[in-house]
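Each ligand, and each atom within it, is numbered from 1 in the order the structure gives.
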Amino acid sequence: MSVAPDVDSPWRHWLDQQALNRREQGLWRQRRVMGKGYLDFAGNDYLGLALDSRVIATQAEGARRWGAGAGASHLVSGHLAVHEELEQRLAALVGRPRALLFSTGYMANLGVLQALCDSHTAVFQDRLNHASLLDGARLAGARSRRFHHRDLDDLHLLLARSREERKLVVSDGVFSMDGDSADIAGLAATAASHQAWLMIDDAHGLGVLGSDGDGCVGRAYDCDQVPILVGTLGKALGTAGAFVAGSQALIEHLIQYARGYVYTTAQPPAIAAATLEALTILEQEPERRTRLHANIAYFRQAAAQADLPLAASSTPIQPLMLHDTERAMRWAEQLNSHHIAVGAIREPTVPKGQARLRITLKATHQRHEIDRLVSALIECQARESGS
Ligand SMILES: *Cc1c(COP(=O)(O)O)cnc(C)c1O
């Protein structure tokens with residue numbers, strides 16, 4: 001039996017209205033199908049490991065050995081020896097007693113916050129924290145108090161004012177849209193002085209920062225200083241998934257209570273194997289990190305010479321501040337016409353008036369490719385000033 005199209009449905013009306021809102025503000029989001037032949041200055045594969053032939057071969061071999069997927073959650077029958085080995089390698093990398101795999105970084109943050117927080121918990125978040133951290137606290141029914149970006153005095157004031165029994169300070173390690181880093185030592189000291197725990201999401205620091213790629217927390221800070229550390233595998237490590245690292249008690253608690261861990265299919269074992277290979281390369285080829293940091297310095301110098309409005313950042317994330325949404329879209333479009341991919345970031349991902357190009361560098365970029373990017377950016381600039 002066919003049903004008449006419900007053009008008068010309140011849902012249809014609401015969807016249309018929501019779409020119109022986004023379009024009218026010039027904020028309509030669109031996915032681009034990435035073709036071959038694009039010079040990638042948009043992705044987060046900072047060390048080039050996603051395209052490394054050894055990582056790819058290990059993943060293919062893993063799929064032949066264990067199948068394409070894990071087939072079940074970790075607590076049912078999806079937890080294999082390769083997952084166990086990966087957890088141990090990740091824990092060793094960041095100097096923690098134990099680590100727990102999650103299917104994505106988004107899910108790891110939701111899982112941790114939901115498992116640790118409730119309406120009696122106060123959560124203190126840097127204003128520029130990743131959306132998943134804000135969403136996690138909301139899901140937990142905790143109220144997030146947001147402190148000014150990297151402002152320890154503001155954090156101290158908010159902590160002093162709160163009456164909740166358990167307090168949790170949460171920050172990105174490297175801020176994903178800004179590229180600057182949190183003051184881990186300052187956060188740890190401030191949190192400790194209020195008996196608060198500290199959670200750092202090091203999605204962009206892992207593999208890139210630290211003496212050997214252990215990230216902006218890693219072995220430089222122990223579990224007493226940073227009790228909860230989150231890392232992701234889909235950025236510098238080139239694969240997919242995430243992990244939480246900390247004490248035995250924390251990890252056991254997550255296995256018991258983190259719904260985003262319990263009620264989801266385990267990471268495909270082939271991905272775990274590929275990640276182990278990526279970790280081996282990270283260890284054996286420190287020159288990748290050296291090349292990445294040399295590329296960052298080279299790009300920054302060329303951009304400064306051309307008077308391009310780069311934000312202060314020493315990480316692979318190099319924001320070019322254009323402020324106006326349409327301007328950012330126009331520049332990204334023009335770069336695209338040169339077959340160069342960069343991210344155009346606008347609200348609500350960043351605050352209003354802070355639209356930017358998010359340019360990311362990799363260890364595998366060649367000098368002439370960075371030159372091509374800078375020339376194209378100079379062309380965008382020249383076009384605007386009408387010269
Ligand atoms: C990318 C990112 C995440 C999400 O990780 P996925 O594995 O992509 O879900 C979480 N936190 C930060 C800071 C990120 O940049």
Does Arg22 make a cation-pi contact with Trp28, if we ask for NZ or CZ under 6.0 Å from the ring centre and within 45° of the axis?
no
Salt-bridge criterion met for Asp324 and Arg330 (N-O under 4.0 Å)
no
For Arg96, what residues pass the side chain to side chain donor-acceptor pair (under 3.5 Å) criterion, not counting sequence neighbours?
none
List ligand 1's nitrogen or oxygen atoms that come under 3.5 Å of a protein nitrogen or oxygen, with the partner atom and distance.
residue: ligand 1; atom: 7 (O); partner: Gly105; partner atom: N; Å: 2.7
residue: ligand 1; atom: 9 (O); partner: Gly105; partner atom: N; Å: 3.1
residue: ligand 1; atom: 9 (O); partner: Tyr106; partner atom: N; Å: 2.9
residue: ligand 1; atom: 11 (N); partner: Asp201; partner atom: OD2; Å: 2.5
residue: ligand 1; atom: 15 (O); partner: His204; partner atom: NE2; Å: 2.6
residue: ligand 1; atom: 15 (O); partner: Lys235; partner atom: NZ; Å: 2.8

Can you tell whether the side chains of Glu84 and Arg89 come within less than 4.0 Å, N to carboxylate O?
no
Under a 4.0 Å N-O cut-off, is there an ion pair linking Asp45 with Lys235?
no
Looking at Phe124 versus Phe147, is the centre-to-centre ring distance below 6.0 Å?
no
